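Structure, as C-alpha cells:
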Amino acid sequence: MTEEVQTQETPEVIPESTPLATLHAVARVKGEAVTQIPHDLYIPPDALQVFLETFEGPLDFLLYLIRAQNLDILDIPVARITHQYLEYIDLMQRLNFDLAAEYLLMAAWLGEIKSRYLLPRQINAEGEDEGDPRAELIRRLQEYERFKRAAEHLEGMPCEGRDFFVAVAQQPDFSRVTPPPHVELSELLLALQDVLRRADLYESHHISRETLSMRERMSNILERIRPGGFVPFVTLFNVEEGRLGVVVSFMAVLELVKEGLIDLVQTHERADIHVRARVGEAQGQALDLGQDLGEDDIEQEGAFDDA
Amino acid sequence: MTPETLKSIVEGALFAAGRALTIEQLQALFEEPVRPDAGSLRAVLSTIAIEHEDRAVQLQQVASGWRFQVRADVAPWVSRLWDERPQRYSRALLETLSLIAYKQPITRSEIEDIRGVTVSTQIVKTLLEREWIRVAGHKEVPGRPALFATTRQFLDDFNLKSLAELPALADIRDLSEIAAELETASHE
Amino acid sequence: MTPETLKSIVEGALFAAGRALTIEQLQALFEEPVRPDAGSLRAVLSTIAIEHEDRAVQLQQVASGWRFQVRADVAPWVSRLWDERPQRYSRALLETLSLIAYKQPITRSEIEDIRGVTVSTQIVKTLLEREWIRVAGHKEVPGRPALFATTRQFLDDFNLKSLAELPALADIRDLSEIAAELETASHE
C-alpha cells in the first residue's frame, strides 16, 4: 500500500469523496429492480485500497451496500446484494489485493443463501420448516449494526483528555504523616508463642524459671550504673518495696554478676560494697551500636510487612 | 466548623487531588468529632456545583466520585498545552470497546463473532493500557479465554456514573419475528 | 473572541495544566489572528485572581508564571489526602520485641540464638526509634554487644504498669485464652 493510503484513518462516516459513493448513483427505491450494476461499479484501483481500510469487515461492507441503496435490512434482495458483493471481491482479487479471509467466507455464505433461496423451502426430518435462509444473515447484520451505532455514539461522547480535562491545583505545602503501626499485646504474645515453639523452649525452663520482675529489675539496675561509675550497693534496694522487693533486687544483682554484666567491689574489709558496670575503659559508650549493628544482609528480615 | 470552612476544605481537596473523590474519602479528611455526615457533604457539593456553573471548571459526578473538570467547550484551546494531539480512536477500537461495554464479560472470539472480523492484539493492548478494560476472569472452555469487562476508569473518562448511563442499544428483532415478517412479506 | 471566552480558556488551561504557565505559554494557546497580547492576558489574569479571592483555590504568580493553588488555611485537612496507610510491623520485629521484653537484658546474638535467624539492624533501629527498647548496657564479652531492655514507653503503649503484668511464659500455651482475657480487661 502507498504512504498516502496508510495515512487514511478509518473515518467515522464514509466521506462523500470516496469513489464508492458512486453506488448512490445506482440506488433505487425499494422494490425497483437494479440491473446495471457491473458497469456502474467502476472503482479506481486507489479507491480499492481505501476500501479495505474503510470497512470493518464484510458485515460492515454489506451494511453499506444495503444502506447505500436505501434498502430495508429485513428485506434484502439477496441475489442483488450477493451479486454486488461478489463483484467487489472478484475485482479485488483480479487486482491481487490480499483479502482478509472473512470477506471470502462471507462470499461463500452469500452464495449458499442465494442457492438455498432458489430451491423450494426444505422441510427437515422432524417436519419443521427450516425457515428463511436469510434469517441468520439478517440477525447478524442487525447485531453488528447496533454495535456499530454504539461505537459511533461512544465516539461522540466527551472523553477525558480530548474533550475535557480533570482540573488540578497546586496542593498546599504539607508534611506527610505516617502513623506508627499499632500493636496489640496479644499480637506480641502470639509472636512469642511462635518463637518459643520454634526454639522448643517449653520443655527447658531456661526462660520461664526467672520471674519477669527480676528481669525488669536487672534492666533497671544496669540503667542506673553508668559505665565506669560506682553505685553504692545499698542504694539498689528500696525498703519501701518490702521484703519481696528487696529479694528481687538482690537476685537481680546476683544474676547480673553471674552473667558478667556487673562487678561487686569492696575496697577493704567491712567497707561499703559498690557496684560497677563492667566496661572497657576506652569504650564507655552506651549507645554506640557500631559493633552490634553490623552490615545488613540482603535477605534480612524487615521491620514492616509489605502490605 | 462554619459551612464556609467546610466548603473551602471540600473544594480545596477536590482541586488538590486532581482526581475524583468519594463521599467517604472526603469524610476521612475530618477528625471524628467534626466529621460531616454524607448528607451535609452532598449539600456542600451541590452548592459548589452551582457556584461553578458558569465557570471554566465544573464539578462533575462520575463513577469514582466527584471531581472538577475543565469545560469541554474550551478543550480545543486547552489541549494545545500538550504537544500530542488528542487521539482519535479507530472504528475497530470503538466497536470492540462498545461490545465489551454492552456485553461484558465477553471473550475475544465472541467479539469476533459479532464483528465478523479478527480483533487485533494491538486493539486489546491499547484498551488494557488505557485502563478502559480489564480481564475479569477466564471462560471455562478449552483454552480458558480471557473474559473482558470495562473498568471504573472507562466510566470516569466518559463522564459516566454507571454503565446504565450508556444509551440503550438499538432494538434487535428476534429470529422468529423476522421470520414471521418475511413470511408475511412473501405472501403479499 | 469575547472577553468571557478568553477568560474561560485561560482559567481552564491553568486548571488543566496543574502547574504554573507563563504569559507566553498562555498566548501559544491561540492562533495568530486572535492571539491576545501580553497586556490583555495580564488583565484577564487579574480578573481571575480577584474572582478567586474568597475561594479555596487562588491564582498565584510565582517565578515560573501563574498557577492555581489551594489556600494555605485548608492545608491541614487537604494534606490528609496523602496520609500514608499505617504500616504493620513484621512478625520478625514482634518476635524480637517479645524476646527483649521477657529476657531482658539481652544481646542481639542471644535473640538470634533463640530465634534461629539473624536479627536485622533495621528491626533494632525501628524498635529504638519507636522507643520501645533501649540499650541498657554492654555485655563484657568480646565485641561488647549492647544489652537491650524494654522502656517505660513500651509499658505505656501496651497498657502495662510493669513487666510483671505480662503473662508468665509457662502460661503462653493457650494464648487465645489469654488474648481473650486481655481483650476483656482492656475494655473494662
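So that the names make sense, note that chain A is the first sequence line, chain B the second, and so on, each numbered from 1. Worth saying up front: this structure is predicted, and the values here are computed from it rather than measured.
- Here Glu160(A) does not pair with Arg130(B) in a salt bridge; the nearest charged N to carboxylate O distance is not below 4.0 Å.
- Both the backbone and the side chain of Thr118(B) have a heavy atom closer than 4.5 Å to some heavy atom of chain A.
- For the atom pair CE (Met157(A)) and CG (Asp157(B)), the distance works out to 10.5 Å, reported to the nearest 0.5 Å.
- The shortest non-hydrogen separation linking Ser98(B) to Leu154(A) is OG-CD2, 3.9 Å.
- Considering only heavy-atom pairs separated by less than 4.5 Å from chain B, the leading option among Cys159(A), Pro158(A), Ala101(A) is Cys159(A).
- Of all the heavy atoms in Phe15(B) and Ala167(A), the pair that sits closest is CE2-CB, 3.9 Å.
- Residue Phe147(A) comes nearest to Ile114(B) through the heavy atom pair CD1-CG2, 3.9 Å, listed as atom of the first residue, atom of the second, then distance.
- Note that CG of Leu99(B) and OH of Tyr144(A) are 9.0 Å apart. Values are rounded to the nearest 0.5 Å.
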Problem set entry | Working for side chain to side chain contact (heavy atoms under 4.5 Å, CB included), residues Trp82(B) and Phe165(A) | CA-CA 12 Å; Trp82(B) 297 279; Phe165(A) 308 91; 3.5 Å; yes
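- A distance of 8.5 Å separates CZ of Phe158(B) from CZ of Phe164(A), quoted to the nearest 0.5 Å.
- Residue Leu93(B): no heavy atom, backbone or side chain, is found under 4.5 Å from chain A.
- Salt-bridge annotation for Glu155(A) and Arg88(B): present, with a side-chain N of the basic residue lying under 4.0 Å from a carboxylate O of the acidic one.
- Taking each heavy atom of Val117(B) and Pro58(A) in turn, the nearest pair found is CG1-CD, 3.8 Å.
- Put simply, CD on Glu152(A) and CG on Leu94(B) are 9.5 Å apart, with the number rounded to the nearest 0.5 Å.
- The main-chain N or O of Leu169(B) is never found under 3.5 Å from a side-chain atom of Arg146(A) such that the two would form a donor-acceptor pair.
- Ranked by heavy-atom pairs under 4.5 Å with chain A, the list Gln58(B), Gln60(B), Gln69(B), Arg19(B) is led by Gln69(B).
- We find that Arg115(B) and Glu56(A) are joined by a salt bridge, their nearest charged nitrogen and carboxylate oxygen being less than 4.0 Å apart.
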